[in-house]
Amino acid sequence: MMHEYAIEMVSVNRVFGKGAAQVAALSDIALTIEPGARVAVVGPSGSGKTTFLNLVGALDKPSSGVVTVLGHEISRFSERAASAFRRERLGFVFQDDALIPEITVFENVELPLVLLRVPPQERRARVRNLMERLLLDHRMSSFPPVLSAGEKQRVAVARAIIHDPKLLLADEPTSHLDTRAAEAVLQTIQELTAEKGITVITATHDPRVFTRFTSHVTLNDGRVVQHNPHAPEDADVTLHARHGLGDSLGVS
């Protein structure tokens, strides 16, 4: 039986623009990520972190190369297939929380279950149980604009995992939060995803995130530029490196 990675990227390039205006956002990326890993993707602004997440999240397609996520070659998906895949298998947490301000906190968290046509009684039970656990049950009837920044982001995490996705993608989830709120959000992500074996990939500049994640990939100018050659053989992330770096390098 072939080993199934959570994510596998083979010779992946993403180029924007044409001719003289062409910009390579990602260049010759080749790596694998194990199921259940927690990976921080780090690097300066413009290094390709968000492009990386967009490719893994079936929000974009590579210009060349193959992206396989949860056993599916998503780089070949039609838009309809990509939309269904995102809805059923993935969870997303965005930098600005992306909550819908016109509906309640309860309705925001419930939305993925509505889209998946989960029966109303089950939806209500699942949302209540999760919100109680996050100590946000007193906010269920509130609207997002009255929440603190930390509360909004914890609600966003709840919405992202309410449907038990296999992969959680987070783009700078703590960038607008103070230390206390950031710790609460990171603890929420860490506990809930670990219990369910959810693979987590987050793009971040935040050292608070970096220290909590078990594996790291550093990007610069669209390329992987940093690795740990002393990583264990069963490291969560393996880079199939080129340009004389060896056949495979662990990153931790």
Side-chain angles (χ1 to χ4, degrees), residues 36 38-40 50 53-54 56-59 70 82-204 206 208-209 212-213:
R38 293 196 306 275
V39 181
T50 297
L53 287 187
N54 287 344
V56 171
L59 294 166
L70 305 176
S83 179
F85 183 75
R86 291 192 299 267
R87 184 169 59 247
E88 296 167 8
R89 309 294 300 277
L90 307 185
F92 294 88
V93 180
F94 300 99
Q95 186 173 349
D96 61 354
D97 70 65
L99 299 177
I100 302 172
E102 296 82 10
I103 63 176
T104 66
V105 164
F106 183 97
E107 291 166 330
N108 267 280
V109 176
E110 180 189 36
L111 186 57
L113 301 180
V114 173
L115 296 175
L116 291 173
R117 300 182 180 179
V118 175
Q121 187 172 357
E122 182 182 346
R123 294 199 311 256
R124 289 192 290 269
R126 288 171 68 172
V127 174
R128 288 195 184 102
N129 288 340
L130 182 56
M131 297 303 282
E132 287 173 3
R133 178 169 180 184
L134 296 179
L135 303 178
L136 290 169
D137 48 310
H138 66 295
R139 287 298 204 181
M140 289 195 296
S141 61
S142 300
F143 289 84
V146 306
L147 304 182
S148 69
E151 287 175 330
K152 288 179 182 177
Q153 202 64 311
R154 286 163 64 206
V155 171
V157 173
R159 181 184 60 185
I161 64 173
I162 190 66
H163 59 302
D164 294 336
K166 297 297 183 183
L167 174 63
L168 177 68
L169 300 172
D171 193 359
E172 299 283 2
T174 60
S175 62
H176 298 321
L177 304 181
D178 61 27
T179 298
R180 183 176 179 180
E183 286 298 322
V185 168
L186 292 172
Q187 188 70 20
T188 298
I189 291 174
Q190 190 168 1
E191 289 182 359
L192 296 180
T193 56
E195 286 178 9
K196 298 178 181 294
I198 299 171
T199 305
V200 184
I201 313 293
T202 184
T204 185
D206 191 341
R208 297 171 297 192
V209 177
R212 277 181 174 263
F213 278 60

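All values below come from the heavy atoms of this structure, side chains included, with hydrogens, waters and symmetry mates left out. In this text, all values refer to a predicted model and were calculated from it rather than measured experimentally.
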K.L.:
I would like to know whether Leu192 and Arg133 meet side-chain contact (heavy atoms from CB on, under 4.5 Å); could you show each step before the answer?
P.N.:
CA-CA 10 Å; Leu192 296 180; Arg133 178 169 180 184; 3.4 Å; yes
K.L.:
For the pair Arg159 (side chain) and Leu111 (backbone), establish whether a donor and an acceptor sit closer than 3.5 Å, ignoring hydrogens and angles.
P.N.:
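No, because the side chain of Arg159 does not come within donor-acceptor range (under 3.5 Å) of the backbone of Leu111.
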K.L.:
Stepwise, does the side-chain contact (heavy atoms from CB on, under 4.5 Å) test hold for Thr104 with Arg139?
P.N.:
CA-CA 9 Å; Thr104 66; Arg139 287 298 204 181; over 6 Å; no
K.L.:
If I take atom CD1 from residue Ile100 and atom CG from residue Asn108, how far apart are they, to the nearest 0.5 angstrom?
P.N.:
5.5 Å
K.L.:
If you compare all heavy atoms of Arg128 against all heavy atoms of Phe106, which two are closest, and at what distance to 0.1 Å?
P.N.:
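So the minimum-distance heavy-atom pair works out to CG-CE1, 4.1 Å.
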K.L.:
Taking C-beta and beyond as the side chain, do Val114 and Glu107 meet within less than 4.5 Å on heavy atoms?
P.N.:
no
K.L.:
If you measure from CE on Met131 to CG on Asn129, what distance do you get to the nearest 0.5 Å?
P.N.:
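Here the interatomic distance stands at 11.5 Å.
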K.L.:
Does the Arg126 side chain pair with the main chain of Ile162, one donor and one acceptor, at a distance under 3.5 Å?
P.N.:
yes
K.L.:
Under a 3.5 Å distance rule, please check whether Glu151 uses its side chain to pair with a backbone N or O of Ser148 as donor and acceptor.
P.N.:
yes
K.L.:
Which residues satisfy the side chain to side chain donor-acceptor pair (under 3.5 Å) test with Asp164, sequence neighbours excluded?
P.N.:
Lys196
K.L.:
Between CD of Gln190 and CZ of Phe213, what distance do you get to the nearest 0.5 Å?
P.N.:
8.0 Å
K.L.:
Name all residues meeting the side chain to side chain donor-acceptor pair (under 3.5 Å) criterion together with Thr50; count only those two or more places apart in sequence or in a different chain, and write none if there are none.
P.N.:
Asp171
K.L.:
Would a 4.5 Å heavy-atom cut-off, applied to side chains only, mark Leu134 and Val157 as touching?
P.N.:
no
K.L.:
Of all the heavy-atom pairs spanning Ser142 and Leu147, show the shortest one and how long it is.
P.N.:
CB-CD2, 4.3 Å
K.L.:
Between the main-chain N or O of Val118 and the side-chain N or O of Arg123, is there a donor-acceptor pair closer than 3.5 Å?
P.N.:
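Yes.
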K.L.:
Please say which of Asp206, Thr202, Thr188 ends up in a side-chain contact (heavy atoms from CB on, under 4.5 Å) with Pro173.
P.N.:
Thr202
K.L.:
Counting only N and O atoms by type, is there a donor-acceptor contact under 3.5 Å from the side chain of Gln153 to the main-chain atoms of Phe94?
P.N.:
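Pair found, side chain donor or acceptor close to backbone of Phe94.
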K.L.:
Kindly give the heavy-atom pair with the smallest separation between Arg154 and Ala184, and that separation in Å.
P.N.:
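Here Arg154 and Ala184 meet closest at CD-CB, 4.0 Å.
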K.L.:
Would Phe92 and Leu53 satisfy side-chain contact (heavy atoms from CB on, under 4.5 Å), going step by step from the backbone distance to the final call?
P.N.:
CA-CA 10 Å; Phe92 294 88; Leu53 287 187; over 6 Å; no
K.L.:
Under a 3.5 Å distance rule, please check whether Thr174 uses its side chain to pair with a backbone N or O of Leu177 as donor and acceptor.
P.N.:
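Not a single qualifying donor-acceptor pair exists.
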K.L.:
Counting N and O atoms only, with roles assigned by atom type, does the side chain of His163 sit under 3.5 Å from a partner on the main chain of Leu90, one being a donor and the other an acceptor?
P.N.:
yes
K.L.:
When you look at Val155 and Leu136, which way does the side-chain contact (heavy atoms from CB on, under 4.5 Å) test go after all the steps?
P.N.:
CA-CA 8 Å; Val155 171; Leu136 290 169; 4.0 Å; yes
K.L.:
Is it true that, when you exclude Gln121 itself, more than 12 heavy atoms of the residues, nucleotides or ligands shown sit nearer than 6.0 Å to its CD?
P.N.:
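Not buried by this count: 12 neighbours or fewer within 6.0 Å.
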K.L.:
Determine the minimum heavy-atom distance between Gly150 and Ala181, stating which atoms define it.
P.N.:
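The pair with the smallest heavy-atom distance is CA-CB, 3.7 Å.
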K.L.:
Which atom names give the shortest non-hydrogen contact between Leu70 and Phe85, and what distance separates them?
P.N.:
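For Leu70 versus Phe85, the nearest heavy atoms are CD1-CZ, 4.1 Å.
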K.L.:
Could you tell me whether the side chain of Leu167 reaches within less than 4.5 Å of the side chain of Val56, counting heavy atoms only?
P.N.:
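Val56 vs Leu167: side chains touch.
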K.L.:
Closest heavy-atom contact between Ala160 and Pro165?
P.N.:
O-CG, 3.4 Å
